[in-house]
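Beneath this line is the structure, given in structure tokens, with notes to follow.
Fair warning: this is a prediction, and the values are worked out from it, not measured in the lab. Order of the sequence lines fixes the chain letters, A, B, ..., with proteins taken first and strands second; residue numbering starts at 1 for each chain.
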Number of protein chains: 2
Amino acid sequence: MSTPDTATSKSPAGIRDVAALAQVSTGTVSNTINRPDTVHPRTRAAVEKAIAELGFVPNQQARVLTGASSNVIGLVVLDIESPFYMEAAHVIERTVRESGHVVMLCNSEGDTTRESGLLAMLAAQRVRGVLLAPASLDEDSDPYKDLPGDLPVVLIDYNGGPEHCSISVDNVAGGRLAIEHLLQLGHTRIAVVGGPTGLRQFADRAQGAREAIIAAGMDPEVSLIEVSTSGIGIQDGRRAAELLLEGDSPDAVFCGNDMLAFGVYRGLIDAGLSVPEDVALVGYDDIDFARDWVVPLTSVRQPIDELGTRAARLLIEHSAREDSHTHRQEVLPPELVVRRSTDLRAPAQH
Amino acid sequence: MSTPDTATSKSPAGIRDVAALAQVSTGTVSNTINRPDTVHPRTRAAVEKAIAELGFVPNQQARVLTGASSNVIGLVVLDIESPFYMEAAHVIERTVRESGHVVMLCNSEGDTTRESGLLAMLAAQRVRGVLLAPASLDEDSDPYKDLPGDLPVVLIDYNGGPEHCSISVDNVAGGRLAIEHLLQLGHTRIAVVGGPTGLRQFADRAQGAREAIIAAGMDPEVSLIEVSTSGIGIQDGRRAAELLLEGDSPDAVFCGNDMLAFGVYRGLIDAGLSVPEDVALVGYDDIDFARDWVVPLTSVRQPIDELGTRAARLLIEHSAREDSHTHRQEVLPPELVVRRSTDLRAPAQH
DNA sequence: TTTAAAAAATGAACCGGTTCAAAATTCTCG
DNA sequence: CGAGAATTTTGAACCGGTTCATTTTTTAAA
């Protein structure tokens with residue numbers, strides 16, 4: 001009943017089927033779809049009727065093959081599990097959708113081999129371009145020098161130098177912001193829970209922390225306790241807290257990301273300390289949970305929204321005009337969000 | 001230096017370019033790529049050399065056009081922000097990647113209009129199939145009756161009846177599990193924070209709660225306090241807690257998801273109550289955070305991994321053999337994970 | 001050395017759209 | 001009514017691969 005038995009073709013209807021049914025040429029069908037104003041209203045009606053009758057859906061692949069630019073954008077992140085990249089994926093999906101594109105989501109899991117495999121497959125798909133949160137962190141040799149089929153790429157959360165477009169956040173400045181805030185509150189023994197050595201973002205944040213200490217005329221050797229962790233999850237933070245409490249307890253802790261901070265929080269609570277009375281706590285990223293944590297967490301906010309939006313826009317622009325494109329590196333400033341984990345006077349909401 | 005100036009063609013090299021350079025026919029190039037054993041080693045070497053020289057990457061779109069099945073799978077979720085769907089997206093991405101496919105990630109934002117737009121665009125992309133967490137919750141009329149171009153679809157987290165493939169979790173059983181646990185611990189005034197009325201999953205969980213109360217020979221009117229919220233976020237849970245504390249305080253709270261539970265936790269703490277001593281707390285979903293919450297949260301675990309894995313496999317299977325496919329509905333059992341928010345004797349880790 | 005069989009290579013046609021020069025139709029106006 | 005202009009419609013060629021019946025080359029057997 002729902003499907004008229006005239007539709008016996010197994011493969012979905014093509015433009016030629018429509019043309020035959022509407023008794024016009026394929027060119028006219030194409031025009032009806034793409035330039036409706038150039039076809040006579042009577043003809044147009046007939047074609048539209050045929051399209052509806054056959055349930056015809058134009059094949060986007062064939063379209064791209066004839067020169068139309070693809071509306072697919074690849075997104076390769078190095079860790080989907082991390083709330084930061086999840087939130088980034090979210091805003092990117094939205095921006096991209098609003099400009100009429102779709103996202104192909106890929107997870108490199110921090111593995112450079114997998115990453116290049118994904119880039120090859122995206123090139124084969126002839127996507128319009130790729131947003132890449134790089135797994136490779138080698139600063140010296142440029143690992144993205146020759147991409148398969150000169151795929152337009154915008155690096156996110158990583159500045160890959162003048163050879164690439166990129167949008168990143170100034171991590172050194174972020175580390176500085178956090179420590180300046182703690183110093184201003186009068187803390188003098190500050191721990192930095194820095195994440196795994198080797199992750200550039202985290203190293204930069206720790207670097208900013210040292211700079212702030214020095215700028216305040218203090219000695220990092222004395223006032224700064226640096227701890228590195230093997231991972232960047234809650235459990236890693238908890239272990240770091242236990243480690244810290246073995247020695248002289250710090251009066252403030254700055255963590256390389258919010259998950260670590262949540263773990264540190266638990267470690268402190270379990271040891272009978274309270275936040276912020278005994279120890280002040282600062283995180284990084286300002287993920288959604290930070291605001292709603294039991295003690296709302298002071299955190300260095302990365303402008304994820306802007307990062308995602310700008311990255312998507314830059315990529316679309318970059319992939320639009322093939323020639324005369326000069327690579328652009330945008331660096332966004334981080335922002336400190338003060339909450340009760342450092343300052344009890346902070347408003348309950350924000 | 002890196003690019004020989006012989007490569008002056010602007011558009012990426014095609015198979016005919018390779019054929020010309022290697023002095024063979026296009027058919028031979030195609031064979032070298034797809035059936036290397038049918039071409040003479042000497043010829044193969046020449047072709048491979050040409051491919052490398054030109055940086056040739058076969059166009060997947062053209063391949064699909066000639067009949068190869070697409071390796072792209074659409075994933076439409078109704079709320080990327082929710083940790084539950086994020087985790088689902090994560091495991092789906094992995095499963096799909098391991099079977100040689102890619103995910104196109106789309107967010108319907110719970111909007112049925114947007115959802116059908118996305119389905120149309122995925123149909124136009126000629127994706128292999130779609131995993132759909134439906135925005136439409138109308139049980140009576142089947143909103144996915146006629147999909148554009150008979151796209152293979154597997155519904156996730158929603159049983160759409162015999163007309164569709166689906167993988168879902170038994171939410172009624174989940175609600176029962178939670179309440180049975182609380183009853184066993186001796187609680188007699190149990191609140192249910194049920195999320196927005198109208199979300200099927202949440203309604204089912206509340207239904208299960210009632211069933212458990214009745215099965216225990218108690219009166220839902222007396223022992224069950226049902227509260228609905230406008231959203232399903234932390235803030236909504238907090239407001240619900242405030243509401244609950246206005247009347248006779250319950251001695252246990254069961255929440256429709258973990259985020260609500262986190263909010264309720266904060267509301268209770270802010271009111272000077274402690275968990276689980278004063279009030280026991282049970283969440284739903286068992287997202288990653290539940291285990292690591294300040295007081296680890298007892299939660300009804302949805303087997304997200306299995307949900308995602310099975311859904312992906314079912315879809316690939318479904319989209320493989322066009323004919324003789326009978327729709328299958330799989331319903332997975334939820335599982336109660338007991339932690340300290342209801343039982344202090346629970347192990348610290350799990 | 002011939003010949004038959006096996007292996008390798010060929011290239012035109014096709015997938016499903018778009019394009020555009022050329023042909024057909026309709027409209028305008030003297 | 002007819003010429004010229006404007007509007008519509010046409011359909012073959014093309015995008016970049018794959019396919020497969022056919023031709024060419026190589027190998028094995030007689």
Just jot down the salt bridge (charged side-chain N to carboxylate O under 4.0 Å, His left out) partners of [X], sequence neighbours excluded, or say none.
X: R126(B); value: none
X: R44(A); value: none
X: E330(A); value: R310(A), R328(A)

All N/O pairs under 3.5 Å across the protein-nucleotides 25-27 of chain D interface:
none

Describe, as an angle rounded to 10 degrees, how the axis at the first end of the helix from dT1(C)-dA30(D) to dG30(C)-dC1(D) is tilted relative to the axis at the last end, five pairs per end.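 That helix has its two terminal axes inclined by roughly 40°.
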
Scan nucleotides 13-23 of chain D nucleotide by nucleotide, 5' to 3', and note B when protein non-hydrogen atoms come under 4.0 Å of the base, S if they reach only the sugar-phosphate, - if neither. --BBBBB----

Do the rings of H318(B) and H327(B) sit parallel, tilted or perpendicular, given the 30° and 60° boundaries?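 Judged by the thresholds at 30° and 60°, the geometry between H318(B) and H327(B) is perpendicular.
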
side-chain contact (heavy atoms from CB on, under 4.5 Å) partners for [X], two or more places apart:
X: A133(A); result: L78(A), Y85(A), I156(A)
X: R35(B); result: N31(B), D37(B), T38(B)
X: N71(A); result: Q60(A), H101(A), V102(A), M121(B), Q125(B)

On the nucleotide dT9(D), are OP1 or OP2 found under 4.0 Å from the side-chain N or O atoms that T28(A) carries?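 No, T28(A) has no side-chain N/O under 4.0 Å of OP1/OP2 on dT9(D).
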
Sequence-distant partners of [X], side-chain hydrogen bond (donor to acceptor under 3.5 Å, both in side chains), two or more places apart:
X: E48(A); result: none
X: N107(B); result: none
X: S25(A); result: T28(A)

Give V24(A) one of three labels, base, sugar-phosphate or nothing, depending on what nucleic acid heavy atoms sit under 4.0 Å from its own.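 Sugar-phosphate only.
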
